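Down below is the structure, laid out as structure tokens.
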Amino acid sequence: MTTESDALIESEELLSETRNYGSTTGLGLDSELGRSALEGGALSEAEGDERHGEAFDNVPRGKRQLGTFSAIFLIFNRIIGTGIYATPSNILRSSGSVGVSLIMWLVGAFIAACGTAVYIELGTGLPRSGGEKNYLEYIYRHPKFLTTCTFTVYALITGTATANSVVFSEYVLHSLSIEPTRLHTRLVAFLCLSFVCFIHGTRLTWGLRLQNTLGMFKLVILSLIAISGVLCLLEVPGFRVRDDYETPNNFEWSKFWEGSGTGANAFVTGLYNVIWSFIGYSGANYALSEVRDPVRTIKRAAPLAMLSVTTVYLLVNVAYFAAVSKSNILGSRRIVAALFVRNLFGPTTEKALSVFIALSTLGNLLAGQFSQGRVIQELGREGILPYSSFFASNKPFGAPLSGLFTQYLVSVTLLLTVPAGDAYLFLISLSSYSLALINTAVSLGLLLLYTPAYRIWGWNPPFHAPKIIIILFFLSNLFLVAIPFVPPATGSKTYEQLPYWSHSAGAVSVSLIGGVYWYFWSIWRPKRQGYKLEREWILQDDGVSRYVFRQVPNPS
């Protein structure tokens, strides 16, 4: 068995080999394309890496604590939060009929499968923590470091946990019959964010165990809902709709398609919500440096996770329609899961549902912040952030506490300062739209890697997604980017005061912040002060390598 000291020796040897290629000098596109993995190369299918990608990133092997099981639930938890309990009613309203609603979920599952294939290809080619940061840097190399500077700003926006912490708080308060005042809601949300930061930043093993346990719990609860719905359809005693409530007939053929044809705008809105319900399939890509056998693991874990999510989503929707009438779903202001539990088991069980949803949200928060802490750590390893050694370090608890704490500060600041209403909805929508922009750039970039102009880079990873799948994923994200600029239907409003396109324009403007920082740091200041930037890899005393930039004076 390889010990941690062995891994450190291996890391030092790999660093020595890397330096033999020469440090990355200046800010232009590197002329040497045959570099090691640490200098921007990609893992090739022909390399036959016997450790299945572990040698790609020189991380101590003792730091790789995630196996297939943890990777599956990292993705599963990241996708399933509160959406499956509430959004089916919105989807039904947009689709007009039960049949079209289920078709929408199937379309969303197919698009998510396309995205999963895209991220498996990118993850096997570049098996290192950081996700989209690595892929954008690899593809969009010129101007040097512009992509990283821009992505840094996006990472802070898309990684905020403020919205989910508030959802968790509201369901906890409801289960305890406590009035959800602003003070109560913010206090519980603050405690939740603090707990997540503490357990992932100081107790890595405990955090992973809790995360996996909540994922399994979530899977069991949703499976029980699905099974209850099937038993209701079969009219099994004890699982019939109670006499006090309307008996549904949603699966009678004449009723199954009734109401279809709500118009293109409504259909698009519903499909938009379905696609977002599947976001999170790239969750394991953010932590690949901590995954054992990352290439083999992601090829197994991602499809299994997505198959589980898709099966759960479809069966739970069938269960809802089996126990709750269409008119009841559309007419009630309560979430469809609450109607389902009430109709089958009585109103007293709704408190228990609040507990289930709160725990589901906590699992989602744990998975999201686990991944986000690794993204910020990878940004620190690039050497571009101020105080990069602080962000790149695993001290003092063997976990990226600095990255987790940074994201914690952003989330808490938004929690305490942003008022409810337009401002809060704007921030949530801004985060979602930013992710759509990133996915569009990633999928377009993967297509570019197969064009003649990029063939010299030799992109040939251990897994290849079919080209048609990549194209469909690109088009679906282009759809998500374009549709928010389409005016809403007459009578509906995205915001009370802000224009409907505010979050879209805001996300596009974020690029300017990263661009300004890049220009100031890499061009304006070096030119004004008469130096050029050279960077090289160093090995920190915690066993993690990172880039360091040197300011080398220009010749007189």
Side-chain angles (χ1 to χ4, degrees), residues 1-8 11 51-54 57-78 80 127-131 159 161 168 191-220 280 283-294 296-298 300-302 304-305 359-378 380-381 391-408 540-544:
M1 179 178 292
T2 302
T3 65
E4 186 166 346
S5 60
D6 292 334
L8 288 174
S11 296
R51 285 168 57 186
H52 304 284
E54 286 189 12
D57 193 14
N58 65 323
V59 169
R61 202 170 193 189
K63 190 172 181 283
R64 296 185 179 272
Q65 302 188 49
L66 302 181
T68 302
F69 184 81
S70 294
I72 289 173
F73 280 106
L74 182 59
I75 299 171
F76 187 85
N77 266 322
R78 188 69 183 89
I80 299 182
R128 176 183 174 186
S129 293
F168 170 83
L191 293 175
C192 174
L193 291 171
S194 301
F195 169 75
V196 170
C197 180
F198 169 78
I199 195 166
H200 273 331
T202 66
R203 299 291 185 270
L204 178 60
T205 303
W206 293 4
L208 286 174
R209 288 174 180 169
L210 177 60
Q211 187 170 292
N212 292 342
T213 301
L214 288 175
M216 182 62 73
F217 171 81
K218 190 186 306 186
L219 179 60
V220 169
N285 292 61
Y286 298 119
L288 285 178
S289 295
E290 298 181 43
V291 173
R292 294 188 294 271
D293 299 335
R296 184 171 60 183
T297 298
I298 195 172
R300 294 175 177 178
L304 287 173
L359 291 175
S360 179
T361 307
L362 179 59
N364 184 265
L365 278 164
L366 285 166
Q369 293 308 287
F370 180 90
S371 300
Q372 201 60 28
R374 275 73 189 164
V375 172
I376 295 177
Q377 182 181 46
E378 289 304 309
R381 291 182 70 192
F391 292 107
S393 175
N394 273 322
K395 289 184 175 181
F397 301 106
L401 177 59
S402 54
L404 289 162
F405 188 71
T406 301
Q407 199 61 61
Y408 167 76
Q540 300 181 140
D541 55 9
D542 61 356
V544 176

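Predicted model only: the values in this text are computed from it and were never measured.
- Atom CG of residue L193 and atom CG of residue L365 lie 7.0 Å apart, to the nearest 0.5 angstrom.
- With K218 contributing its side chain and I80 its backbone, the two residues share a donor-acceptor pair below 3.5 Å.
- Scored by the salt bridge (charged side-chain N to carboxylate O under 4.0 Å, His left out) test, R78 finds no partners at all (sequence neighbours excluded).
- Contact of the V196 side chain with the L362 side chain is registered, since non-hydrogen atoms from C-beta on lie closer than 4.5 Å.
- In this structure, I72 and A305 approach most closely via the heavy-atom pair O-CB, 3.6 Å.
- Contact of the L210 side chain with the F195 side chain is registered, since non-hydrogen atoms from C-beta on lie closer than 4.5 Å.
- Here the shortest heavy-atom pairing between F370 and L204 reads CE1-CD1, 3.8 Å.
- No more than 12 heavy atoms of other residues, nucleotides or ligands sit less than 6.0 Å from atom CZ of F405.
- Looking only at side-chain heavy atoms (C-beta outward), F73 and M216 come within less than 4.5 Å of each other.
- The side-chain heavy atoms of I298 and P127, taken from C-beta on, include no pair separated by under 4.5 Å.
- The closest donor-acceptor contact from the side chain of T361 to the backbone of F168 lies at 3.5 Å or more, if one exists at all.
- Closest approach of H200 to L366, counting heavy atoms only: NE2-O, 3.0 Å.
- The heavy-atom pair separating Q407 from Q369 by the smallest distance is CG-OE1, 3.2 Å.
- Side-chain contact between S70 and Q65 is absent, with no heavy-atom pair separated by less than 4.5 Å.
- A pairwise comparison of heavy atoms in L74 and S371 identifies CD1-OG, 3.9 Å as the closest pair.
- When all heavy atoms are compared, the tightest approach of S129 to E290 is OG-N, 4.1 Å.
- Side-chain atoms of R292 do not come within 3.5 Å of backbone N or O of T68 as any donor-acceptor pair.
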